[in-house]
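Single-structure report; data block below.
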Amino acid sequence: MVELYTSPPAGATVVCADELGPVIPRTFRPAPGWSPDGHRIKNEIDYSRGPEKTWVYGALRIRDGQELTMTATSRNSVFYQQFLQLVEDANPVGDIYVITDNLSSHNSVSTRTWLEDHPRIRHVFIPVGACWLNLQEGWWRIFRKTALAGRSFGDRDHITHATEVATAQLNARARPWIWGRPAPPTRRSRRRYMYIL
């Protein structure tokens, strides 16, 4: 997997894919202020898995940092196959290596049957418990701050709109994702002082 990040096959596209969610429409009441003992008053989190839940599918193309997102009402094989079709349409030439987790919808019989008809797409599954190997997780962190943090959503369409706007904004300033930590910059001291006691 790391070899796909550092030296992908010639003419191939490496994509990291994952799902985020469920994201639900909810409203956060504004905090009334500070408590008498000087602490911020926290709101109760409104959480449910009702019919309004929305899943965000995402695929990060690491060579240029471009992201493809799609919202869906469920996380199942049908929506995953629709998402893979969007990934294939966005990358019309060469093989596509999709790095993803080993979720049941990614490895179901219907998904494997669908992949037989789309031989350009090849799955690379990350090991269980090693989600940090998927660079999409880092993009989700940026996405949450851009699209979801501090927002109130009235319905599923608001979540879809926020996803589209945030993806467009992040793609406008996208850069290639590089595996590993960059080398620390070399810094020369301008002056050296010597203290003699």
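In this chain, numbering begins with 1 at the start of the sequence shown.
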**OP:** Answer yes if V165 and L68 sit in the same cluster of Ile, Leu, Val, Met, Phe, Trp and Tyr residues linked by side chain heavy atoms under 4.5 Å apart, and no otherwise.
**Re:** no
Original post:
To the nearest 0.5 Å, what is the distance between CD (Q136) and CG (L20)?
Top reply: 9.0 Å
Subject >> Min side-chain heavy-atom separation V98-I96 under 4.5 Å >> reply: yes
Original post:
V2 and W179: side chain to side chain contact (heavy atoms under 4.5 Å, CB included), yes or no, with the steps?
Top reply: CA-CA 8 Å; V2 174; W179 176 258; 3.3 Å; yes
Original post:
Does G94 offer a backbone N or O that forms a donor-acceptor pair with the side chain of R120 under 3.5 Å?
Top reply: yes
Subject >> Same cluster (ILVMFWY, side-chain, under 4.5 Å), Y80 and L103 >> reply: no
Subject >> Distance-only side-chain donor-acceptor flag, T71 / T163, under 3.5 Å >> reply: no
Subject >> Partner set under side-chain contact (heavy atoms from CB on, under 4.5 Å) for S104, not counting sequence neighbours >> reply: none
**OP:** Measure across L135 and W177 and return the closest heavy-atom pair with its distance rounded to 0.1 Å.
**Re:** O-CZ3, 3.8 Å
Subject >> E164 side, atom CD; M70 side, atom CE - distance, nearest 0.5 Å >> reply: 12.0 Å
Subject >> Nearest heavy-atom neighbours spanning R156 and K53 >> reply: NE-O, 3.7 Å
Original post:
Among side-chain atoms of T111 and Q81, is any donor-acceptor pair under 3.5 angstrom?
Top reply: yes
Original post:
Can you list every ring pair (Phe, Tyr, Trp, His ring centres under 6.0 Å) pair that touches residues 84-103, not counting sequence neighbours?
Top reply: none
Original post:
How about H106 and E19: does a side-chain donor come under 3.5 Å of a side-chain acceptor?
Top reply: yes
Original post:
Between atom CD of E67 and atom SG of C16, what is the distance when rounded to the nearest 0.5 Å?
Top reply: 9.5 Å
Subject >> Between CH2 on residue W139 and CG on residue D18, distance to nearest 0.5 Å >> reply: 11.5 Å
**OP:** Measure across N102 and F125 and return the closest heavy-atom pair with its distance rounded to 0.1 Å.
**Re:** CA-CD2, 3.9 Å
**OP:** Could you tell me whether I142 atom CD1 has more than 12 heavy atoms of other residues or ligands within 6.0 Å of it?
**Re:** yes
**OP:** Let me see the working for R122 and D95 under side chain to side chain contact (heavy atoms under 4.5 Å, CB included), right down to the final yes or no.
**Re:** CA-CA 8 Å; R122 301 179 185 186; D95 290 338; 3.2 Å; yes
Subject >> Minimum heavy-atom distance F153-A162, with the two atoms named >> reply: CE2-CB, 3.7 Å
Let me have the donor-acceptor pairs involving side chains of residues 57-66, under 3.5 Å, with sequence neighbours excluded, atom names and distances please.
from: Y57; atom 1: OH; to: S74; atom 2: O; distance (Å): 3.2
from: Y57; atom 1: OH; to: N76; atom 2: N; distance (Å): 3.4
from: R61; atom 1: NE; to: D64; atom 2: OD1; distance (Å): 3.1
from: R61; atom 1: NE; to: D64; atom 2: OD2; distance (Å): 3.3
from: R61; atom 1: NH1; to: N91; atom 2: OD1; distance (Å): 2.8
from: R61; atom 1: NH2; to: D64; atom 2: OD2; distance (Å): 3.0
from: R63; atom 1: NH1; to: T13; atom 2: OG1; distance (Å): 3.0
from: D64; atom 1: OD1; to: Q66; atom 2: N; distance (Å): 3.2
from: Q66; atom 1: NE2; to: N171; atom 2: O; distance (Å): 3.1

Original post:
OG1/T146 to CD/Q169 distance, rounded to the nearest 0.5 angstrom?
Top reply: 7.0 Å
Subject >> Trace of the side chain to side chain contact (heavy atoms under 4.5 Å, CB included) decision for V87 with I121 >> reply: CA-CA 9 Å; V87 170; I121 299 177; 5.7 Å; no
Original post:
How about L115 and H123: do any of their side-chain heavy atoms sit closer than 4.5 Å?
Top reply: yes
Original post:
Would you find a donor on one side and an acceptor on the other, under 3.5 Å apart, between the side chain of R112 and the backbone of N107?
Top reply: yes
**OP:** Check step by step if side chain to side chain contact (heavy atoms under 4.5 Å, CB included) holds for N134 and C131.
**Re:** CA-CA 6 Å; N134 193 343; C131 65; 5.7 Å; no
Original post:
Quick one: does T54's side chain get under 4.5 Å of I24's, heavy atoms only?
Top reply: no
**OP:** Could you walk me through whether S108 and S77 pass side-chain hydrogen bond (donor to acceptor under 3.5 Å, both in side chains), step by step?
**Re:** CA-CA 7 Å; S108 67; S77 298; 2.7 Å; yes
Original post:
Within a reach of under 6.0 Å around NE2 of H161, are more than 12 heavy atoms found that belong to other residues, nucleotides or ligands?
Top reply: no
Subject >> D155 side chain to H158 backbone, donor-acceptor under 3.5 Å >> reply: yes
Original post:
Which atom pair, heavy atoms only, marks the closest approach of L170 to F143?
Top reply: CD1-CA, 4.1 Å
Original post:
Mind checking whether W132 and I99 sit in one hydrophobic cluster, side chains of I, L, V, M, F, W, Y counted as touching below 4.5 Å?
Top reply: yes
Original post:
Taking side chain as C-beta onward, heavy atoms only, is P9 less than 4.5 Å from L4?
Top reply: yes
**OP:** Heavy atoms only: give me the nearest Y5-L133 pair and the separation to one decimal.
**Re:** OH-O, 2.5 Å
**OP:** Answer yes or no: is there a side-chain heavy-atom contact under 4.5 Å between I126 and T100?
**Re:** no
